[in-house]
Amino acid sequence: MNFRELAEYFNKIELISSRLEMTKILAELLKKADSENIKKIVFLCQGRLGANYEKTESGLGEKMVIEAIVKASGFTKKEIEKSFREKGDLGLAAEEFCSQKKQASLFSEELNVKKVFNNLIKISKTEGTGSKESKLKLMAELFNSASGTEAKFIARIPLENLRLGVGDPTIMDSLASNLLEEGKQNKQWIKEIETEMKEKKIKEKNWKEELNRKIKLKLREKIEEKYNIHPDLGLIAEILKKKGLKGLKEIQIQIGIPIRPTLAERLNSSEEIIKKLGNCIVESKYDGFRIQCHKDGNKVWIYSRQSENMTEMFPDLVKAIKEEIKTEKVILEGEAIAFNELTNEFWPFQITIQRKRKYGIDDKAKEFPLKLFVFDIMFLEGKNLMNETFTERRKALKDIIGNGNTVALTNFIETDSAKKLDEFFEESITNGLEGIIAKDLNAKYIAGKRKFAWIKLKRSYKGELNDSVDGVIIGYYTGKGKRTEFGLGALLTAVYSEKEDVFKSIAKIGTGLTDKNLSELEKILKKISSKKKPARVESELTPDYWTAPKYVIELRADEITQSPIHLAAKKDGKGLALRFPRMISIRQDKKPEDATTEEEIKKMYEKQGKKE
Ligand code: ATP
């Protein structure tokens with residue numbers, strides 16, 4: 001496929017704010033893509049150069065992209081910088097200057113997707129001395145042959161700021177809708193769906209549409225199942241293109257490829273938890289960071305909750321995993337937390353999080369050694385354990401985890417008594433932990449989903465919601481008075497609607513922001529701000545600047561209230577909002593789609609203040 005054609009699709013998608021429309025155009029694009037290009041096209045739609053868990057940073061900053069535009073267009077650095085300042089988007093500046101290049105080059109050629117993708121990959125892989133020049137040359141080569149529209153997107157991809165607003169769920173919906181004809185051949189599905197539709201007395205005039213919708217949902221489920229154990233939509237799209245739905249069988253759990261994590265639900269009290277789960281395992285909730293560890297003989301991978309490869313950050317854990325886990329091939333999960341060996345106490349989260357770093361790794365590892373508390377296992381010696389019960393998985397864990405220096409099992413009790421659960425909860429709090437997580441003994445490992453297999457209970461602070469909310473920043477207001485110097489006064493935040501794959505406003509936050517927070521935030525937000533409401537954002541409030549939904553912040557609030565101005569969980573003209581929201585931290589370990597969901601907010605609202 002020509003890159004021009006892809007850029008035109010991107011142009012169309014960029015202008016759309018309706019998600020349905022976006023899904024339709026994306027489906028059309030993916031239908032057109034041939035099997036050689038589809039993987040690359042999916043990655044480019046995601047604004048990436050590889051699967052979600054692959055590191056593909058370009059190492060190109062704005063300065064170098066500007067230099068490349070200078071080289072290809074013949075305009076001066078000053079002219080380009082001025083346009084960038086005015087437009088706030090280097091993509092738009094690239095578009096302006098590459099559409100009116102001063103010098104016609106002999107080496108100009110028509111760009112195709114493969115060429116652009118390969119150059120960008122080369123840019124990301126070039127390292128060491130002379131790499132700056134090579135990167136610049138590869139980038140200038142692309143601008144040299146690019147039209148204005150093509151240049152806009154070529155500039156944005158290595159800066160990780162594509163601005164299409166396409167989320168993974170939308171890509172999955174588009175892939176599903178392209179499989180409709182194949183889905184219709186599945187007699188079993190049709191039978192099930194038709195029976196359900198008859199029961200629901202669906203009218204004849206709506207019959208076909210509803211049938212197609214339900215088939216697409218089934219297809220989407222099949223795709224998502226694979227995405228959850230192998231989060232590589234490029235590969236999934238390629239297999240679907242080559243082999244159709246049956247090809248998905250090829251995608252299995254694989255050591256080295258992260259599984260999307262299972263997530264915890266909330267309940268308000270030990271009584272509610274016991275009522276829901278009966279006899280269950282109750283584990284301490286350690287306040288560190290979650291890691292998924294993969295071991296294949298002497299090779300170890302460590303992934304974050306976000307499926308980012310963090311192996312290099314934790315040499316101490318890698319060593320301990322090799323030495324202390326008594327098996328060859330395994331995928332397991334646990335919470336890593338810094339431990340103070342002098343006092344025999346856990347360090348608070350603010351200390352543990354310092355271990356997530358790119359530089360000074362060894363020194364920090366000595367200063368704040370980590371302990372890994374293992375709580376689940378998904379794969380053991382060639383066998384997928386995800387469909388086993390938690391009881392079985394726990395048994396498997398016991399066989400391979402001893403009481404090592406660094407790796408140990410979580411502290412737990414098994415009980416069906418709310419009183420015992422409460423006692424264990426208090427003990428965990430006294431030991432400086434966050435609370436407990438109760439686990440359903442019969443549940444499978446449910447990748448990528450928040451289900452009642454795990455239920456968390458945290459300490460509630462007086463007059464506050466007993467859990468924090470992770471909101472996505474969708475815009476900001478410029479400051480007044482003292483804050484003017486930072487240019488940032490308040491933030492507009494949203495929660496995520498999983499069903500619709502959009503972000504709906506929930507709170508405007510002016511407090512809890514320290515000056516340090518403010519200037520840090522302003523820097524990163526400025527790069528993704530615009531005067532136009534981004535795709536997939538729903539808000540009736542209009543901030544001074546919109547920002548693409550990218551950053552997640554942790555919020556505390558007194559309660560959730562109904563509000564006529566916010567759109568989260570809107571019903572009968574009223575949405576839900578946070579009352580007295582305060583920012584606690586920037587959650588760098590969360591993607592916007594991992595923020596608190598609209599569904600969760602609704603549940604938190606309903607449960608608020610209720611005690612059984
Ligand atoms: P999310 O549920 O989206 O992960 P979060 O990151 O804000 O949200 P919580 O919901 O408060 O975290 O709690 C779930 C997290 O608790 C897990 O992702 C894991 O990192 C951590 N955790 C600590 N101890 C345990 C344990 N024993 N079992 C499972 N998870 C634990």
Side-chain angles (χ1 to χ4, degrees), residues 258-267 273 277 280-293 302-308 310 332-339 346 348-349 352-353 356 370-378 390 393-394 397 401 407-414 421 424-425 427-429 431-441 443 445-461 465-472 495-496 498 552-556 584-597 599-601 603-604:
I259 296 164
R260 298 189 69 233
T262 195
L263 303 171
E265 272 286 356
R266 317 173 164 74
L267 283 176
I273 293 179
L277 299 183
C280 59
I281 282 206
V282 184
E283 298 179 1
S284 295
K285 186 173 189 307
Y286 301 84
D287 195 9
F289 46 82
R290 180 171 185 161
I291 67 159
Q292 191 174 100
C293 111
I302 292 179
Y303 286 104
S304 70
R305 185 190 178 290
Q306 282 316 312
S307 305
E308 284 159 336
M310 307 200 303
L332 41 80
E333 258 186 341
E335 190 86 349
I337 182 165
F339 188 69
F346 296 111
F349 181 72
T352 299
I353 202 71
K356 279 195 175 176
L370 292 173
K371 269 195 186 288
L372 174 62
F373 290 94
V374 178
F375 50 70
D376 220 318
I377 180 165
M378 293 85 112
F390 183 57
R393 300 202 304 280
R394 186 96 203 172
L397 271 182
I401 311 278
V407 186
L409 286 177
T410 47
N411 192 16
F412 77 100
I413 56 164
E414 185 175 335
L421 196 154
F424 186 73
F425 177 83
E427 188 190 312
S428 295
I429 299 286
N431 290 337
L433 302 170
E434 241 194 323
I436 56 98
I437 301 206
K439 301 193 170 169
D440 182 344
L441 291 171
Y445 186 94
I446 310 163
K449 294 240 154 52
R450 196 176 294 281
K451 289 274 157 77
F452 280 96
W454 290 10
I455 306 175
K456 62 183 167 184
L457 186 64
K458 290 192 196 173
R459 179 160 43 165
S460 71
Y461 299 87
L465 274 179
N466 65 0
D467 200 359
S468 53
V469 169
D470 295 320
V472 183
V495 286
Y496 179 56
E498 253 178 335
V552 177
I553 54 176
E554 185 181 4
L555 305 168
R556 279 215 162 269
I584 309 293
S585 63
I586 305 180
R587 291 281 318 239
Q588 268 156 351
D589 59 334
K590 285 203 168 181
K591 291 199 187 107
E593 287 83 2
D594 297 316
T596 301
T597 62
E599 226 10 73
E600 284 181 86
I601 284 289
K603 279 195 203 156
M604 285 168 85

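Numbers for residues simply follow the sequence, beginning at 1. Only heavy atoms go into these numbers, but all of them, side chains included; no hydrogens, no water, no symmetry mates. All ligand and atom numbering here is 1-based and tracks the order in the structure.
- Within 4.0 Å of ligand 1, heavy atoms belong to protein residues Leu263, Ala264, Glu283, Ser284, Lys285, Tyr286, Arg290, Arg305, Glu335, Phe375, Thr410, Ile437, Lys439, Arg450, Trp454, Lys456, Lys458, Asp470, Arg587, Lys590.
- At a threshold of 4.0 Å, the pair Glu599-Arg450 does not count as salt-bridged, since none of the basic side-chain nitrogens sits closer than that to a carboxylate oxygen.
- Between Glu283 and Arg394 there is a salt bridge, since a side-chain N of the basic residue sits under 4.0 Å from a carboxylate O of the acidic one.
- For Glu498, the salt bridge (Lys or Arg N to Asp or Glu O under 4.0 Å) test picks out no residue, with sequence neighbours left out.
- Taking CD1 of Ile446 as the start and CG of Asp440 as the end, the distance is 8.0 Å to the nearest 0.5 Å.
- Evaluation of the salt bridge (Lys or Arg N to Asp or Glu O under 4.0 Å) rule for Lys451 yields no partner, not counting sequence neighbours.
- In terms of the salt bridge (Lys or Arg N to Asp or Glu O under 4.0 Å) criterion, residue partners of Lys456 (sequence neighbours excluded) are, by chain and number, Asp467.
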